[in-house]
Amino acid sequence: MALSWNEIKDRAVTFSKEWEDTTNEEAEAKSFIEAFFNIFGVTRKRVGTFEHRVKKLNEGDGYIDLLWKGVILIEMKSKGKNLDKAFIQAKEYIHGLKEHELPKYILVSDFEHFRLFDTEEQITLEFKLKELVKFVQHFGFIAGYQKRIYKEQDPVNIKAAGLMGKLHDRLEEIGYEGHPLEVYLVRILFCLFAEDTTIFEKQQFQNYIEDRTNEDGSDLASKLQELFQTLNTPNDKRFKNLDEQLNAFPYVNGKLFEEVLPSASFDTAMRKSLLDCCYIDWSKISPAIFGSMFQSVMNPKERRNLGAHYTSEKNIMKLIKPLFLDELWSEFEAVKNNRNKLIEFHRKISQLKFLDPACGCGNFLVITYRELRLLEIDILRILNKSGQGVLDVREIIWLDVDMMYGIEYEEFPARIAEVAMWLMDHQMNMLISNEFGQYFVRLPLKKSAVIVHGNALRIDWESVISPDSLTYILGNPPFYGSRNQTTLQKEDTDFVFKGTGNSGVLDYVACWYYKAAKYINNTQIKVGFVSTNSICQGAQVPTLWKLLIEIEKLHIHFAHQTFKWDNEAKGNAAVFCVILGFAKYNIVKKRLFEYDTVKSDPSERTVSHINPYLLEAKDIFIESRSQPISSSPIMMKGNAAIDDGNFIFSTVEESEEFKVKYPQQSPLVKSFIGSEELINGLDRYCLWLKDASPEDIRSNPEITKRVNGVRKFREASKKEATRKWANSPTRFMEDRQPATDYLMIPVVSSETRKYIPIGFLKRDVIANYSSFILPNAGLYEFGIICSLMHNVWIKYVCGRLKSDIRYSNTLGYNNFPFPKIDSTKHKQIIEEKAFKVLEVRKTFPSSSLADLYGTVSMPPDLVKAHQELDKAVDLAYRPQPFTSEAKRMEFLFELYEKYTADLFTKEKTKKKIVVK
């Protein structure tokens with residue numbers, strides 16, 4: 001067991017006194033080094049080799065006074081000798097060492113002066129012998145005490161995952177696979193962490209493998225089996241004649257080593273792979289990434305993308321800070337000067353209970369627990385600052401891992417979560433040990449986080465923990481859109497929302513919202529979830545939030561608007577998320593985190609209310625409607641061929657060849673434009689046979705071939721409606737082509753653009769299904785749809801495709817409240833400003849709309865023209881300017897509410913009219 005800091009300091013004082021008057025004749029390096037290590041309770045047996053032979057850069061032999069492989073190199077010189085030369089000599093020795101032998105520290109000394117160099121941080125510390133007691137904590141690594149800064153994607157994480165991956169792959173190749181392999185690797189991972197984090201002695205696992213197993217690996221499996229059995233056996237139950245080195249391992253318990261596994265098999269290369277894993281400093285890997293590492297090890301395809309499974313700490317903190325952490329720290333600041341209140345506060349946080357109902361490998365629970373333990377350390381620092389010292393540190397630590405609960409669908413992430421919690425608990429216990437000078441380790445493991453293996457959507461959460469005992473629910477449930485769910489996931493969704501209406505449009509994550517809402521009824525439990533942003537957009541808002549707010553009476557307490565969900569995986573698909581915190585009770589001050597872009601840091605506002613669109617506005621649920629609420633033209637989708645590509649020319653050249661080869665039918669080749677073509681100025685063509693004569697079709701072999709292709713494709717369809725259209729193979733199945741010129745609006749536009757690019761097209765240009773069209777539109781309609789007012793509405797009310805704006809006629813346009821203009825003045829001004837926008841666009845004939853509306857490339861003249869148009873549209877609504885997007889939406893929601901109320905009144909009036 002490690003010495004306490006008080007004991008170490010006492011020994012440091014004694015050491016300094018014993019060696020301060022030593023003469024050069026008396027000074028002997030070995031004795032000095034042994035005595036120095038004894039300060040930390042480390043014996044010569046554990047220390048490395050004296051006079052370690054090494055090849056120098058000049059190929060000559062050198063001898064290191066002491067090398068503790070992977071830890072420290074010590075070079076001693078006579079009193080008064082130049083330490084600079086000693087340091088240069090020590091660094092030269094390093095070049096002759098193997099990678100796993102490279103020391104983290106170099107210490108040079110002349111018995112009176114010390115120079116300690118951290119090879120990783122490149123920091124040098126110098127002091128005299130008599131000052132040792134002041135600097136002794138910098139040598140805490142010798143006793144096992146070390147402060148660690150965890151990085152989410154440190155290269156050591158990737159290296160460690162790769163090395164463990166090699167071992168995994170080889171074991172799988174020889175036939176050791178499935179459940180036994182997963183458990184086996186979890187145990188090895190635990191041992192690797194344990195020997196670098198003082199659960200075991202330093203390098204205890206490594207030394208056991210090196211000292212007790214053959215180089216060919218033939219007996220490694222049996223020796224590991226003995227070790228696992230020993231770790232699961234209390235000290236007083238072990239064999240009396242058990243190998244001394246094996247018996248030195250502590251009793252772990254926690255059921256981690258309980259299951260009897262089939263024996264594995266190793267060879268020389270596999271033994272080397274395991275030792276390579278030992279040579280990494282596992283204390284540098286945060287327990288928060290432990291589970292992610294394990295998952296990456298188990299899946300070779302994802303090993304290079306370690307971060308794919310890892311929720312970054314930054315994003316976890318975005319949730320837990322507003323959910324509970326900020327509030328707890330504020331309360332701590334308020335009571336820290338009142339001892340009785342501080343003790344009561346300590347008791348309060350020790351009684352908190354947390355549930356993650358989709359916990360995976362436990363990242364949210366691990367970080368939550370760490371933050372609470374850090375808070376506890378600050379509490380204990382104040383309560384025990386009298387200087388009298390703590391009699392027994394374990395009596396003052398009230399927080400333990402059994403305050404954490406989780407539900408996980410897969411078995412082994414659930415088990416990994418338990419182990420990760422123990423590892424984080426140990427890390428926090430080391431901080432406590434460092435703070436109060438007493439070594440504290442919870443072995444054997446008596447408590448554990450309660451992680452239930454099962455389907456959270458089928459399990460009764462009350463069987464995991466009673467709502468009366470729980471304080472918070474948190475996590476990031478699975479990200480699956482309504483169209484990407486498996487059959488089982490769709491069945492889960494139907495099961496959760498049974499009897500509530502249309503759940504088919506909902507993302508999978510919505511199930512956790514509804515289950516949580518049911519679970520927290522009549523409690524003070526607060527919930528915080530990370531979710532795909534689509535649950536706060538489009539058709540999901542009225543489907544989900546009307547149920548949660550009007551029926552379940554939820555109140556949103558805080559929210560992060562859409563941001564890009566960070567992880568460290570290269571090439572990983574972008575995910576755009578929101579964070580919502582809610583409860584069944586209301587609060588006066590709510591916290592809204594707004595983002596300028598999806599990649600920017602948020603700015604926080606205190607607001608009185610947050611609605612389902614994550615705006616400070618009333619709870620309004622915009623539902624799809626077939627007719628506009630304003631007196632505006634009807635907008636519709638473009639034409640859908642449903643032809644298996646037979647009507648479409650694959651290239652411009654192909655369409656030109658057709659026109660040259662068949663000049664009489666060349667008028668049937670039409671420009672075919674959709675969102676992509678409109679925005680990027682691309683040419684695309686199709687065969688439009690609506691007005692073709694029977695002779696045109698019969699006499700042209702190319703047309704005949706294509707029409708037959710359409711017919712066969714439709715006949716083979718599983719849909720009856722499509723099969724019926726096989727009887728009309730010359731027609732687009734959905735023909736909405738207007739007889740007039742029209743305005744085209746793209747279905748999808750980049751979220752980086754301030755304005756959705758739209759444009760007028762001639763009536764003989766065929767509109768693709770990937771666009772919306774507005775026949776009979778004039779400059780006024782162009783001006784309104786082009787305006788910032790309309791663009792902001794679409795941004796919030798319609799759904800998104802990833803982060804891009806997804807336009808909708810039924811949700812966005814039909815629900816948009818056009819200004820009610822009493823005079824022609826405002827309309828004329830809007831038309832003039834709209835015309836100006838079009839005229840400026842004409843001055844850039846070679847530029848596409850993508851060029852003209854790019855974030856950086858938008859011409860200043862066009863920016864000015866749009867600003868003038870925006871001002872004209874704003875004035876049509878009200879004389880006061882709108883200071884933010886949020887203010888625009890608040891105004892538009894109020895206007896929407898008024899318009900729809902008027903519509904409801906008109907409908908009632910119509911129903912009362914009786915025709916006789």
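Computed from a prediction, not measured in an experiment: that's the story for all the values here.
For the pair Glu75 (side chain) and Gln89 (backbone), a donor-acceptor distance under 3.5 Å is absent. Side chain of Arg370 to backbone of Met424: no donor-acceptor contact under 3.5 angstrom is found. The closest donor-acceptor contact from the side chain of Asp216 to the backbone of Ser218 lies under 3.5 Å. Judged by distance alone, the side chain of Asp425 and the main-chain N or O of Val401 form no donor-acceptor pair under 3.5 Å. The backbone N or O of Glu195 sits nowhere less than 3.5 Å from a side-chain atom of Trp282 that would complete a donor-acceptor pair. Side-chain atoms of Glu376 come within 3.5 Å of backbone N or O of Trp398 as a donor-acceptor pair. Side chain of Arg11 to main chain of Phe40: no donor-acceptor pair is present (N/O by atom type, distance under 3.5 Å, no hydrogens or angles). Remark: side-chain polar atoms of Gln204 are paired, donor with acceptor, to backbone N or O of Ala248 under 3.5 angstrom. No side-chain donor-acceptor contact under 3.5 Å links Trp512 to the backbone of Asn476.
The existence of a salt bridge linking Lys69 and Glu210 is excluded, since no basic side-chain nitrogen approaches an acidic carboxylate oxygen closer than 4.0 Å. Between Asp219 and Arg212 there is no salt bridge, since no side-chain nitrogen of the basic residue lies less than 4.0 Å from a carboxylate oxygen of the acidic one.
Using the six-membered ring where Trp is involved, Phe36 and Phe32 have ring planes that are parallel, under 30° apart on the 30 and 60° scheme.
The side-chain contact (heavy atoms from CB on, under 4.5 Å) test with Ile74 is passed by exactly one of Leu107, Leu67, Ile64: Leu107.
Here the CD1 atom belonging to Ile94 is positioned 3.5 Å from the CD1 atom belonging to Ile106, to the nearest 0.5 angstrom. Residue Thr268 holds its OG1 atom at 8.0 Å from CD of Glu215, rounded to the nearest 0.5 Å.
Side-chain rings of Tyr176 and Tyr184 approach one another, their centers coming within less than 6.0 Å.
The closest side-chain heavy-atom distance from Ile432 to Met428 is not below 4.5 Å. At a threshold of 4.5 Å between non-hydrogen side-chain atoms, the residues Phe266 and Ser273 do not count as touching. Looking at Arg415 and Glu408, their side chains never come closer than 4.5 Å, going by heavy atoms from C-beta outward. Within the 4.5 Å cutoff, the side chain of Tyr279 has no heavy atoms near those of the Lys98 side chain. A heavy-atom distance below 4.5 Å is not found between the side chains of Ile39 and Phe139. Counting only heavy atoms from C-beta outward, the side chains of Gln229 and Gln225 never approach each other to under 4.5 Å. Side-chain atoms of Leu474 and Ile316, non-hydrogen and from C-beta on, never get closer than 4.5 Å to each other. The shortest distance between side-chain heavy atoms of Leu246 and Arg238 does not fall below 4.5 Å.
Both cation-pi conditions hold for Lys91 and Phe117: the charged atom is under 6.0 angstrom from the six-membered ring centre and inside a 45 degree cone around its axis.
Enclosure of atom NZ in Lys272 is not indicated, since only 12 or fewer non-hydrogen atoms of other residues, nucleotides or ligands lie within 6.0 angstrom.
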